[in-house]
Amino acid sequence: MRPLRIESRITRELDVADAGGDAVGRRTSSRVVHEPGRGARLAAIVAALGLVAGGAALVLRGTGEPPRAENQADDPRVAYREAVRRLGYAGSFAYRGSVHAAGASAIRPGPPIATEVAVEGAVRLPQSITQEVAVDDRGEVVETVTSGSTAWIRSAPSSDRLAEAAWEVIGPSRSPDVGSPDRLGAALLADVLRAAGDRRRDGTDAAGHPVLRATVPPDDRDERYGDSLDGADVKVTLDEAGDIARIVLTSAEAEARLVLRLDIARLGDPGVITPSDVGTPARSTVATAELVAAGIEPLELGVLPSGWALTNARVFTGQSVMRATPRESAACTWLGLEYRNLRAVSEGSLQLGIVSQACAETGREIGTGGRSLRIGPFEGTVDEQWGGSVGDVSDGTTRISVSSDLPADELATLLASLRPFDPES
């Protein structure tokens, strides 16, 4: 058994460019650049956070462009299927258009500012992350960011005041109109398009591009997507290459509650979502005062691999399903952090759970499995298992559990960058 000893102080001396960018400053030697090549073995913390879209219909397993089916132009069912498949393989896209929404829905989480809005946004499908800015006819603006089943909202009376507005976190909703999907916002379009049946031709647009039509079936999975998508009508316009260039989705009522008209652009560009797009709202809504009051020192990673981002951060009170199980679940508060590689397709994840040692009790005592690990005042173990690594460290007051698909050595290096959590970093 080879011990890993990484001495570091938990300090604010490390500067980070943004919530998920490369670190710069006194400890740049700790920076890790890694393109993971191992499958993820997610810890139980992920299930509690609802951070990964485990049920998403388009979990991407490959890279590159899929081959085109023969006779695609002759059969609307084939053309539709291939266009949706290529959207999934692309993994990222931007969009611009208009939305009519009479209320909240899974595709439009959060309170609407108006029934009619102009929208501009982007989607990163593998991580189920979206970012959108909507503006009404009075100039009022709302920005929505989603990661899995979590959404953050901020609004302002005008676009020039949006940057100073505070973010508000919106947890998963269970209302009929919103449903309970594994991902929200425009990322859900990929699932809706794939589920739609009765695929047929619907003429051409003004430029002669083919328009295909389909119908979303009634949702028989406990209202997963919400009422507004049951039986919705979908139209997709294809460009010269057979890719989706425009999507029109209309809910089934006589007076439609939801109508989306979106032009698709930047297909396959992973840069449509940046680390700060999701990291800033995620960290800014963490209630650090609540953690301190519970006797927890909130910590975070000060160094991330290139292209990674903080994609979710939540404070929970009650039973933790980290590897450390609280002794008195009703009184326990803990911090869950998720980091993802925005450049990856199906790999690149790390989950961090922080709880007071008084609330942490596990059948496997720290130091009895894996390789020993010391990080400043924290001591524990890191264990490389099939598909990834897990670890636990404690300083006697704070307990940290971690799970990642990174190798143990790289995971230990990242843990060496632990620093106080800064909501404004």
Side-chain angles (χ1 to χ4, degrees), residues 6 8-10 41-52 147-148 150 169 171-172 282-302 310-340 349-370 372-383 385 388-404 406 411-412 414-423 425:
I6 304 177
S8 71
R9 292 181 300 162
I10 299 175
R41 183 180 181 179
L42 301 179
I45 182 177
V46 180
L49 290 169
L51 302 179
V52 177
S147 179
T150 302
V169 64
R283 70 173 48 255
S284 68
T285 53
V286 171
T288 53
E290 183 179 346
L291 294 168
V292 172
I296 302 168
E297 181 180 9
L299 303 171
E300 66 175 327
L301 298 179
L310 174 67
T311 56
N312 217 326
R314 298 284 302 277
V315 175
F316 293 88
T317 300
Q319 184 173 1
S320 160
V321 293
M322 297 183 303
R323 297 176 69 228
T325 303
R327 180 177 300 144
E328 298 177 2
S329 60
C332 287
T333 299
W334 57 286
L335 172 65
L337 304 177
E338 182 192 40
Y339 301 90
R340 301 291 302 278
S349 67
L350 187 154
Q351 297 80 39
L352 208 63
I354 303 168
V355 69
S356 69
Q357 185 60 46
C359 279
E361 182 178 319
T362 180
R364 186 177 77 87
E365 294 297 329
I366 286 181
T368 62
S372 61
L373 175 65
R374 181 180 177 86
I375 303 169
F378 286 87
E379 295 186 39
T381 61
V382 61
D383 185 16
Q385 302 177 352
S389 305
V390 294
D392 287 296
V393 294
S394 175
D395 64 357
T397 301
T398 301
R399 173 78 169 262
I400 302 173
S401 292
V402 60
S403 174
S404 177
L406 293 173
L411 181 59
L414 292 177
L415 287 174
S417 72
L418 281 170
R419 66 174 190 179
F421 187 93
D422 184 359
S425 175

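Quick caveat: nothing in here was measured; it's all calculated off a predicted structure.
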### Query
Does the side chain to side chain contact (heavy atoms under 4.5 Å, CB included) test come out yes or no for Y339 and L310, once each step is laid out?
CA-CA 4 Å; Y339 301 90; L310 174 67; 3.8 Å; yes
### Query
How many angstroms lie between CG in L337 and CZ in R314, if you round to the nearest 0.5 Å?
12.0 Å
### Message
Is there a side-chain contact between V315 and T288 in this structure, where contact means two heavy atoms from C-beta onward sitting under 4.5 Å apart?
### Response
no
## Note on the structure
In short, L373 meets A412 closest at the heavy-atom pair CD1-CB, 3.9 Å
### Summary
To the nearest 0.5 Å, atom CG of L335 lies from atom CD of E297 at 11.5 Å
### Query
To the nearest 0.5 Å, what is the distance between OG (S417) and CD1 (I375)?
8.5 Å
### Query
Is there a donor-acceptor pair under 3.5 Å between the side chain of S389 and the backbone N or O of L406?
yes
### Task
List the atom of T285, the atom of V169, and the distance in Å for their closest heavy-atom pair.
CG2-N, 3.9 Å
### Query
Which distance, rounded to the nearest 0.5 Å, do you find between the CD of E379 and the OG of S394?
9.0 Å
### Query
Taking 4.0 angstrom as the limit, do R399 and D392 come out as a salt bridge?
yes
### Query
In chain order, what residues pass the side chain to side chain donor-acceptor pair (under 3.5 Å) check against S284, with sequence neighbours excluded?
none
### Task
Taking S401 for its side chain and G353 for its backbone only, find out whether a donor-acceptor pair lies under 3.5 Å.
no
### Query
Which heavy atom in A313 sits nearest to a heavy atom in A282, and how many Å separate them?
CB-O, 3.6 Å
### Task
Applying side chain to side chain contact (heavy atoms under 4.5 Å, CB included), run through L352 and L415 and close with a yes or a no.
CA-CA 10 Å; L352 208 63; L415 287 174; 4.0 Å; yes
### Query
Do I400 and L418 come within less than 4.5 Å of each other through their side chains, counting heavy atoms only?
yes
#### Entry: Check: G391 main-chain N/O paired with T381 side-chain donor or acceptor under 3.5 Å
no
### Query
Backbone N or O of D422 within a donor-acceptor pair of the E300 side chain at under 3.5 Å?
yes
### Task
Return the minimal non-hydrogen interatomic distance between S147 and N312, and the atom names on each side.
O-ND2, 3.8 Å
### Query
Going by heavy atoms in the side chains, are F378 and T398 under 4.5 Å from each other?
yes
#### Entry: Minimum-distance pair of heavy atoms, taken over all atoms of P423 and R283
O-CG, 3.3 Å
### Task
Could you pull out the closest heavy-atom pair between I296 and S356, with the gap in Å?
CG1-N, 3.7 Å
### Any side-chain heavy-atom pair of L291 and I354 under 4.5 Å
no
